[in-house]
Protein chains: 2
Amino acid sequence: MPPAHNGGDRPIAAAAPRGRRGDGRDPVDYRLARARAVPEATVARLATYLRVLSNLDDGSITTVSSEELATAAGVNSAKLRKDLSFLGSYGIRGVGYDVSTLTEEIARTLGLTVHRSVALIGVGNLGQALAGYAGFATRGFRIAALIDVDPARIGTMIRGLEVHSMADIDRVVVEQEVAIAVLAIPAAAAQEVCDRVVSAGVTSILNFAPVVLNVPAHVDLRKVDLAAELQILSFHETRKAAAVLTRAVDQ
Amino acid sequence: MPPAHNGGDRPIAAAAPRGRRGDGRDPVDYRLARARAVPEATVARLATYLRVLSNLDDGSITTVSSEELATAAGVNSAKLRKDLSFLGSYGIRGVGYDVSTLTEEIARTLGLTVHRSVALIGVGNLGQALAGYAGFATRGFRIAALIDVDPARIGTMIRGLEVHSMADIDRVVVEQEVAIAVLAIPAAAAQEVCDRVVSAGVTSILNFAPVVLNVPAHVDLRKVDLAAELQILSFHETRKAAAVLTRAVDQ
DNA sequence: GCTTGTGAACGAGTTCACAGCG
DNA sequence: CGCTGTGAACTCGTTCACAAGC
């Protein structure tokens, strides 16, 4: 991996298990420390498990087996059990998992028990759609600020939030305690805006611009490349079409 | 993996290398068959390489080394070379890769040399943003049809396209030769719509609804879960905060 | 020389299958 | 007896390091 770049598949080193300390104070949340290092692949699935659990929670079901939860999440049960085992031992043998306990533990692991404010940079088509996306609020995130560079947009209100100038980013990050920024801006502007956002103190970025961003090592970066998703599907379409031709020729 | 479900991490079995055939005809594109099975992880990166190459192509550069291309794509050069080696041997030792040849080979591998029409299902906030996303067109895809279930939207024009009813899906898929559908609809409706789209003949789906979809084995499914992306970043935020606390306590 | 292409070593992630326990 | 939790086997993906070849 090149220096100063975190790709989507960055190596992890999760909440380090602490050794014994001599003093009696306990300023660190031990429930975090107790968890073993959680593999990156597991973290990604925890979000799905949490969503499935919250659907279950509405009903009268108080307990789920790994088999039930795995089926609902679209994975196999061994994988689900291994995933959950990284959080600790919250299942009951012969019974299953308590829905509310498990929900709580996953939410804690994902850091959703604390306040998470998000700054949305870029309020074009995609940005406005993201600003109105209800799924963020229901799953633990508050869009705390909208920012754009277009003078025509600055000062306008979108979904109850005023659009600020990029010059306000430092103040916004501090005042709203923003740790996560979502970039919904053109590719050409993305690296510059990214640098600015990082210097304002943001330490996690979700990038929708189709460009490779370089960030310092302490900043986590994830990307959503919409066209790439279609291209991957296109690859498999080609493969399926070739398989049909191959079969036709073989017989 | 549960039956009849393809997750995002589906096992691959790419364009099967063909054995010798006795007849002289050659109805199958051998350039597809020539490529070895391409790992899923490689396919995902090919889209990035293609994008980076197309930026390079504008200039006067006709050749790139694996080191240059890898840096621009945010991967290391060994990985890039191994990725490209799955397509065949298109590099020149001591020199590098010819930009236009490589662009062509990657595009062919991803199936972008043929016409790819996409149906967009759901023209709410996100759907409209996707309908207007220029990146689809510039990277090989044409949004050929818009569909929604809301009677208020059906018949309206969005970006030059009329919004059709779900009842038109069968006709649209055939007439426009749609193989890929993008679902930008509420979670509650997603499985039903998905089933309908599959029965109309769509064989690849990109799902934006935060729900696990079940599809037949011949259908490829990818998902974009926006809230999950933020939750993954939130996990790492928690880890970083814990690391700071841990260090503070240790010293 | 310099850069590709790749076997081999390594590491991450998944699945198996069963011990451990309620 | 049923279901969790997990070592062990296995598969997939990455990195190393160097032979091959322009």
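Within every chain, numbering begins at 1; the chains are lettered A, B, ... in the order of the sequence lines, protein sequences first and strands thereafter.
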Check the distance between D:dT14's P and A:Glu40's CD and give it to me in whole angstrom. 13 Å
Would you indicate, yes or no, if D:dC18 has its OP1 or OP2 atom less than 4.0 angstrom from a side-chain nitrogen or oxygen of B:Arg93? no
Once you round it to whole Å, what is the distance between C1' of D:dG2 and CD1 of A:Ile92? 13 Å
To the nearest Å, how far apart are A:Leu102 CG and D:dT4 P? 11 Å
To the nearest angstrom, how far is A:Leu80 atom CG from D:dT4 atom C1'? 11 Å
Assert: residue with more 5' nearest nucleotide on DNA chain C, out of B:Ser65 and B:Lys82, is B:Ser65
Consider the side chain of B:Ser89, meaning its heavy atoms from C-beta on, and name the nucleotide among D:dC3, C:dG5, C:dT14 that approaches it most closely. C:dG5
Of the non-hydrogen atoms in A:Gln231 and B:Leu50, which two are nearest, and what is the gap between them? NE2-CD2, 4.0 Å
A:Tyr97 vs C:dG22: side-chain N/O to OP1/OP2 distance below 4.0 Å: no
Is there a donor-acceptor pair closer than 3.5 Å between any side-chain N or O of A:Ser234 and the backbone N or O of A:Leu230? no
Rounded to whole Å, how long is the line connecting atom OH of A:Tyr49 with atom P of D:dT4? 13 Å
Give the rounded distance in Å between these two atoms: CD of A:Glu67 and C1' of D:dG2. 12 Å
Nearest-nucleotide comparison on DNA chain D, the residue closer to the 5′ end among B:Thr42 and A:Arg81: A:Arg81
Starting at CD of A:Glu68 and ending at P of D:dG2, how long is that distance when rounded to a whole Å? 15 Å
Verify the contact: side-chain N or O of B:Ser66 to OP1 or OP2 of C:dT4, cut-off strictly under 4.0 Å; return yes or no. yes
With the threshold set at 4.0 Å, does a side-chain nitrogen-carboxylate oxygen contact exist between A:Glu40 and B:Arg239? no
For a side-chain contact (heavy atoms from CB on, under 4.5 Å) with A:Val99, tell me which candidate from A:Thr63, A:Thr62, A:Leu53, A:Leu69 qualifies. A:Leu53
Measure the distance from CG on A:Asn76 to P on D:dC3 and round it to the nearest whole Å. 16 Å
Residues B:Asp220 and A:Lys240: closest non-hydrogen pair is OD2-NZ, 2.8 Å
N/O (side chain, A:Lys79) to phosphate O (OP1/OP2, C:dT14) under 4.0 Å: yes
